[in-house]
Amino acid sequence: MLEARRLCKSYGGRQVLEPVSFLLPSGQCLGLAGSNGSGKSTLLRLLAQIEGPDSGDILFEGRSVLGDRQFLRRQIGYAPQSAELARELTVRQQLTLWQRACGLTGPLPEDILELLGLEPLLRRPIRALSGGMAQRVSIAMALLPRPRILLMDEATAGLDRDYVPRLLDWLEEFLAGGGSLVWCSHHQAELDRLCGAVLRLEDGRLLSQDGTA
């Protein structure tokens with residue numbers, strides 16, 4: 001179980017995320033909804049520990065995991081809203097480098113390459129990719145360590161449309177296998193399909209929680 005306890009964040013003295021708490025059991029998806037600038041991406045970045053919270057804690061199975069790099073590399077997969085890739089690398093080099101950073105060895109997993117149609121792109125430099133292709137690489141990086149928790153920020157935005165249903169089908173299987181997912185989306189149909197509960201944020205404040213996790 002993933003637990004957020006009163007996570008909050010400020011920039012330049014302006015609070016962009018007021019204290020947010022939730023519990024996410026294994027096998028469940030928690031949705032994040034709200035307008036642009038509502039604090040959804042900030043919350044995901046705190047959970048992924050790309051940034052540190054001003055206060056609050058993140059626990060996994062009752063243990064604080066703030067600052068636990070091994071936990072982050074092996075148990076959490078994070079796909080940001082905009083792909084953050086090294087433009088000078090090829091797709092294969094980018095994926096292999098990240099796989100090694102996660103402490104993994106061996107060939108790139110064929111099932112993930114097939115899911116996201118990356119085999120034909122492996123020799124292509126990142127700088128030559130379209131936005132949709134880059135998004136597929138970014139999602140692959142989140143999936144590579146076979147994490148127990150996925151944090152996905154508008155993962156289908158800009159994704160080549162043929163891959164959207166394939167990804168959603170895969171995520172349903174991930175949840176059925178006991179994985180946990182935090183899914184940020186503007187698409188109500190995606191939230192309805194995947195999520196047992198939805199946190200709705202506005203101006204950094206938690207407005208409501210719909211459904212039950």
Side-chain angles (χ1 to χ4, degrees), residues 1-9 17-50 53 56-66 71-72 74-81 111-112 115-116 135 138-140 142-143 145-157 159 163-213:
M1 177 181 290
L2 180 70
E3 180 181 358
R5 289 186 181 173
R6 296 187 60 79
L7 293 177
C8 60
K9 185 68 176 178
L17 186 70
E18 296 189 6
V20 172
S21 300
F22 65 81
L23 292 173
L24 178 59
S26 299
Q28 295 290 327
C29 175
L30 176 70
L32 297 180
S35 59
N36 291 334
S38 62
K40 305 185 303 298
S41 293
T42 297
L43 177 56
L44 280 178
R45 290 177 68 83
L46 296 183
L47 294 172
Q49 298 190 47
I50 305 300
D57 203 356
I58 302 168
L59 297 92
F60 181 68
E61 297 181 346
R63 176 179 66 89
S64 175
V65 292
L66 274 178
F71 169 80
L72 292 171
R74 298 301 296 271
Q75 302 294 349
I76 283 186
Y78 169 58
Q81 187 170 6
D111 60 327
I112 293 175
L115 170 69
L116 294 161
Q135 183 74 339
S138 180
I139 292 170
L143 305 186
R146 310 286 187 185
R148 297 173 66 179
I149 302 165
L150 281 172
L151 311 173
M152 308 197 81
D153 192 355
E154 299 288 352
T156 60
L159 184 63
Y163 291 93
V164 172
R166 296 171 65 173
L167 176 61
L168 296 178
D169 288 347
W170 189 94
L171 289 171
E172 286 185 326
E173 293 182 7
F174 171 76
L175 292 168
S180 300
L181 171 64
V182 182
W183 181 258
C184 175
S185 179
H186 287 292
H187 299 290
Q188 188 62 46
E190 294 176 2
L191 295 169
D192 290 342
R193 176 175 175 176
L194 294 174
C195 304
V198 178
L199 297 182
R200 299 190 181 276
L201 299 169
E202 198 62 48
D203 294 327
R205 298 190 304 274
L206 180 61
L207 295 184
S208 65
Q209 178 168 324
D210 304 327
T212 57

Residue list, ring pair (Phe, Tyr, Trp, His ring centres under 6.0 Å) with [X], at least two apart or on another chain:
X	result
F174	W170
F60	F71
Y78	none

Whether R45 side chain and I50 backbone form a donor-acceptor pair below 3.5 Å
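No, the answer is negative, given that no donor and acceptor are paired below the 3.5 Å cut-off.
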Indicate yes or no: at least one non-hydrogen side-chain atom of D169 is less than 4.5 angstrom from one of E172.
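Yes, close enough: below the 4.5 Å cut-off.
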Shortest non-hydrogen contact from [X] toward [Y]:
X	Y	value
G34	H186	O-CE1, 3.2 Å
R6	S21	N-OG, 2.7 Å
A33	K40	C-CD, 3.5 Å

Side chain to side chain donor-acceptor pair (under 3.5 Å) involving D192 - partner list, sequence neighbours excluded:
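Once residues adjacent in sequence are excluded, the partners of D192 under the side chain to side chain donor-acceptor pair (under 3.5 Å) criterion are Q188.
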With respect to W183, which candidate in L32, V198, L191 satisfies the side chain to side chain contact (heavy atoms under 4.5 Å, CB included) definition?
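Among L32, V198, L191, the one meeting side chain to side chain contact (heavy atoms under 4.5 Å, CB included) with W183 is L191.
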The criterion is side chain to side chain contact (heavy atoms under 4.5 Å, CB included); which residues satisfy it with S26, sequence neighbours excluded?
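Partners of S26 under the side chain to side chain contact (heavy atoms under 4.5 Å, CB included) test: S180.
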The criterion is side chain to side chain contact (heavy atoms under 4.5 Å, CB included); which residues satisfy it with Q49, sequence neighbours excluded?
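Here the qualifying residues are I58, V65, L66, L72.
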Cationic N near anionic O, under 4.0 Å, E3 to R5
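A salt bridge is present here (some side-chain N lies under 4.0 Å from a carboxylate O).
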